[in-house]
S.K.: 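I have a structure I would like to understand better, so I am pasting it below and will then ask my questions one at a time.
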Protein chains: 2
Amino acid sequence: MATPTERIPLSRERVLHAAVELADAHGLPAVTMRRLAEELGAEAMSLYYHVAKKEDVLDGIVDVVAHEINDAVARVEPGADWKQTVRRRILAAREVFLRHRWAPELFATRSSTSTAVLRYYDELVGLMRAGGFSYDLVHHALHALGSRALGFSQELFDPGAGASTDVPTELAAQLPNLVGMLGEIAHDDPDSTLGWCDDQREFEFGLDVILDGLDRLRA
Amino acid sequence: MATPTERIPLSRERVLHAAVELADAHGLPAVTMRRLAEELGAEAMSLYYHVAKKEDVLDGIVDVVAHEINDAVARVEPGADWKQTVRRRILAAREVFLRHRWAPELFATRSSTSTAVLRYYDELVGLMRAGGFSYDLVHHALHALGSRALGFSQELFDPGAGASTDVPTELAAQLPNLVGMLGEIAHDDPDSTLGWCDDQREFEFGLDVILDGLDRLRA
DNA sequence: ACCTGAACACCGTTCAAGT
DNA sequence: ACCTGAACACCGTTCAAGT
């Protein structure tokens, strides 16, 4: 019988899945060739038999995540119109990124595009075409959506991150409008306060502004 | 008289400006402590007398760029309404990023926010408030704009990057809609073809979709 | 076919030492 | 006060060698 510690041979799949788990557990910086090998009970140099170089590993895990996204959107039921269907699919894709919080940064810095990502976009283009968009407008729409088409929006700066209390007073004096915004949202509107740092709500708000705008341009 | 090769003492400012020049010339990966020191005619270890660590250098050059942005928007003449003014300022900020193409990636990965960036946002909030927005809607608007508020949109994937010719045929068969879009835009519409890979135009299109949507919500 | 040890050319950073 | 040399603990990657 096989003992649990029996040696499983390495493979590209095992390397990529270990890399995803490593990133999930300890973030992208933990994904080094040496650490990855350790996780697999092998030496760093052994990895090079299965992957070309570290970039190849990074491209590979983008592809793994893109497959998860395609699986997720495949389970989405179509809505009443293009907008509802696209919205549901984007929110389903977003859930994958919520499980792999390191992935947006990686997607944003890849130069070559995974074929799984291309397939995702292909279906998106198809849905918008079926919804009455010209190819030209779809093209503009993809640029307008940017990373939101895939389910994430890179936040540069969380306008709510600095709670009113921890802004140094001399700095606060230079930022009357930002401080005013923070103050008002923090106490005047309990409903909004609930959603205050709720990125999901902000994501949906931004997404709907764009989808509504595109729908109007379509007509 | 001073000879041109006379030794100028290091300073935080010199280090940061050298880092910006190095990134402009050779990209972010070229910005290493050792290379930076070399550029300044010093040893890597000398830098640590003027900056705390490499992260400090990166935070510092974000601040340098943010100051350039604030200088640029300060020269913008107000428009007829909030939307025109905000639009002009954002496009002025964008020009700074066009001079420092490595900067978007850096802005997106900083955890602490430069005070110069906060001042930029403070003025933006002020302009929108003056234009009739509630603080609550301004807050949503900042999230909806995301990095576009600062003048860039991280493109994950350029829908025009793969010119129809260089897509392998077996892959193309799996991407009928994407291939269709590429084909149509490439020959049917000379006007659009001009703007085909024109990021500036796409940026403005996306920006206007959002600004128009926000303007409607304001009313 | 698959894995490894030793080695190379890089990193960022510390610390004691120089002027 | 300002700069440096030597050293440490890391990287990714090559290459010849092991089974």
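Sequence lines set the chain letters: A, B, ... in the order given, protein chains first and strands last, and positions in each chain run from 1. All values derive from a computational prediction rather than experimental measurement.
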S.K.: Name all residues meeting the side-chain contact (heavy atoms from CB on, under 4.5 Å) criterion together with Ser112(B); count only those two or more places apart in sequence or in a different chain, and write none if there are none.
M.R.: Asp59(B)
S.K.: Taking ring pair (Phe, Tyr, Trp, His ring centres under 6.0 Å) as the test, write out the residues that go with Tyr135(B), two or more places apart.
M.R.: none
S.K.: Tell me which residues in residues 25-36 of chain A lie within less than 4.0 Å of DNA chain D, going by non-hydrogen atoms.
M.R.: Thr32(A), Met33(A), Arg34(A)
S.K.: List in chain and number order the residues that pass ring pair (Phe, Tyr, Trp, His ring centres under 6.0 Å) with Tyr120(B), two or more places apart in sequence or in another chain; answer none if no residue qualifies.
M.R.: none
S.K.: Glu105(A): which residues meet the salt bridge (charged side-chain N to carboxylate O under 4.0 Å, His left out) condition with it, sequence neighbours left out?
M.R.: none
S.K.: Taking salt bridge (charged side-chain N to carboxylate O under 4.0 Å, His left out) as the definition, give me every residue that meets it alongside Arg35(B), ordered by chain and number, with sequence neighbours left out.
M.R.: Glu39(B)
S.K.: What pairs of residues pass the ring pair (Phe, Tyr, Trp, His ring centres under 6.0 Å) test when at least one of them lies in residues 22-53 of chain B, not counting sequence neighbours?
M.R.: none
S.K.: Could you go over nucleotides 17-19 of chain D and give all protein N or O partners under 3.5 Å, atom names and distances?
M.R.:
none

S.K.: Can you give me the dot-bracket string for DNA chain D, 5' to 3', counting Watson-Crick and G-U wobble pairs with both distances under 3.5 Å, using [ ] for crossing pairs and | for partners on another strand?
M.R.: ||.|||||...|||||.||
S.K.: Heavy atom of residues 45-56 of chain B under 4.0 Å from DNA chain C: which residues?
M.R.: Met45(B), Tyr48(B), Lys53(B), Lys54(B)
S.K.: Would you say the rings of Phe97(A) and Phe107(A) are close, in the sense that their centroids are separated by under 6.0 Å?
M.R.: yes
S.K.: Which residues satisfy the side-chain contact (heavy atoms from CB on, under 4.5 Å) test with Asn177(A), sequence neighbours excluded?
M.R.: Asp122(B), Val125(B)
S.K.: Indicate every side-chain donor-acceptor pair of residues 64-71 of chain A with a distance under 3.5 Å to a residue at least two apart or in another chain.
M.R.:
| residue | atom | partner | partner atom | Å |
| --- | --- | --- | --- | --- |
| His67(A) | ND1 | Asp63(A) | O | 3.0 |
| Glu68(A) | OE1 | Arg99(A) | NH2 | 2.8 |
| Glu68(A) | OE1 | His100(A) | NE2 | 3.0 |
| Glu68(A) | OE2 | His100(A) | NE2 | 3.1 |
| Asn70(A) | ND2 | Ala116(A) | O | 3.0 |

